[in-house]
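So the structure is just underneath, and the comments pick up after that.
Please read all numbers here as calculations on a predicted model, not as lab measurements.
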Amino acid sequence: MNFQEFQNSINDDHPPNGFNQLLLALWHDAKGDWASSHDIAQDINTKDGALIHAYLHRKEGDMWNADYWYRKANSKRNNESLVIEWERLVRSLLL
């Protein structure tokens, strides 16, 4: 699946079969379901999971919590828009 196909899938009622948990979390976020996205992300104990978790808390406005998760991913919060960060995360996972 490429990025455009991922974006198109957001118009569907259900995610495509075969998404890993990381992409599933970002799909739910794009659908406006922050809670489901967070529920998935908080159970992924990898660097990518921590980056998604950080992004979600940044989106929520909880910068202290976001910064904690960025540190867990050995990263730092930056000033890019949430849209750009979401796209960067999706593209990195689709490689």
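- Side-chain heavy-atom separations under 4.5 angstrom define the hydrophobic clusters, and Ile84 shares its cluster with no other residue.
- For the residue pair Arg58 and Ala66, the shortest heavy atom distance occurs at N-CB, 3.5 Å.
- Under the side-chain contact (heavy atoms from CB on, under 4.5 Å) criterion, Asp67 pairs with Tyr70, Arg71, Arg77, not counting sequence neighbours.
- Applying the salt bridge (Lys or Arg N to Asp or Glu O under 4.0 Å) test to pairs two or more places apart or on separate chains, those with a residue in residues 22-49 are Asp29-Lys59.
- Here Gln4 pairs with Asn8 under the side-chain hydrogen bond (donor to acceptor under 3.5 Å, both in side chains) rule; sequence neighbours left out.
- Scored by the side-chain contact (heavy atoms from CB on, under 4.5 Å) test, Pro16 finds Met1, Ser9, Phe19, Trp27 as partners (sequence neighbours excluded).
- Applying the side-chain contact (heavy atoms from CB on, under 4.5 Å) criterion to Asn11, with sequence neighbours excluded, gives no partner residue.
- Residues Tyr55 and Phe3 fall within the same hydrophobic cluster, defined by Ile, Leu, Val, Met, Phe, Trp and Tyr side chains chained together at heavy-atom separations under 4.5 Å.
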Side chain to side chain contact (heavy atoms under 4.5 Å, CB included) between Asn2 and Glu5, worked out: CA-CA 5 Å; Asn2 64 36; Glu5 292 168 331; 3.3 Å; yes
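- Within a 6.0 Å sphere centred on CG of Asn74, other residues, nucleotides and ligands contribute 12 heavy atoms or fewer.
- Between the CD atom of Gln42 and the NE2 atom of His53 there is a distance of 5.5 Å, given to the nearest 0.5 Å.
- Cluster annotation: Leu26 is connected to Leu94 through the hydrophobic network of ILVMFWY side chains, with a link wherever side-chain heavy atoms come within less than 4.5 Å.
- Between Leu23 atom CG and Ile52 atom CD1 the span is 7.5 Å, to the nearest 0.5 Å.
- Atom CG of Leu89 is separated from atom CG of Leu93 by 6.5 Å, given to the nearest 0.5 angstrom.
- Ser37 approaches His28 most closely through the heavy-atom pair N-CB, 4.0 Å.
- In this structure, the salt bridge (Lys or Arg N to Asp or Glu O under 4.0 Å) partners of Glu80, at least two apart in sequence or on a different chain, are Arg88.
- Partners of Glu60 according to the side-chain hydrogen bond (donor to acceptor under 3.5 Å, both in side chains) rule, which considers only residues two or more places apart in sequence or in another chain, are His57.
- Through side-chain heavy atoms spaced under 4.5 Å, either directly or across other Ile, Leu, Val, Met, Phe, Trp or Tyr residues, Tyr68 is tied to Trp69.
- Minimum heavy-atom separation, Leu22 to Asn20: N-OD1, 3.0 Å.
- Residues passing the side-chain hydrogen bond (donor to acceptor under 3.5 Å, both in side chains) test with Thr46: none are found, sequence neighbours excluded.
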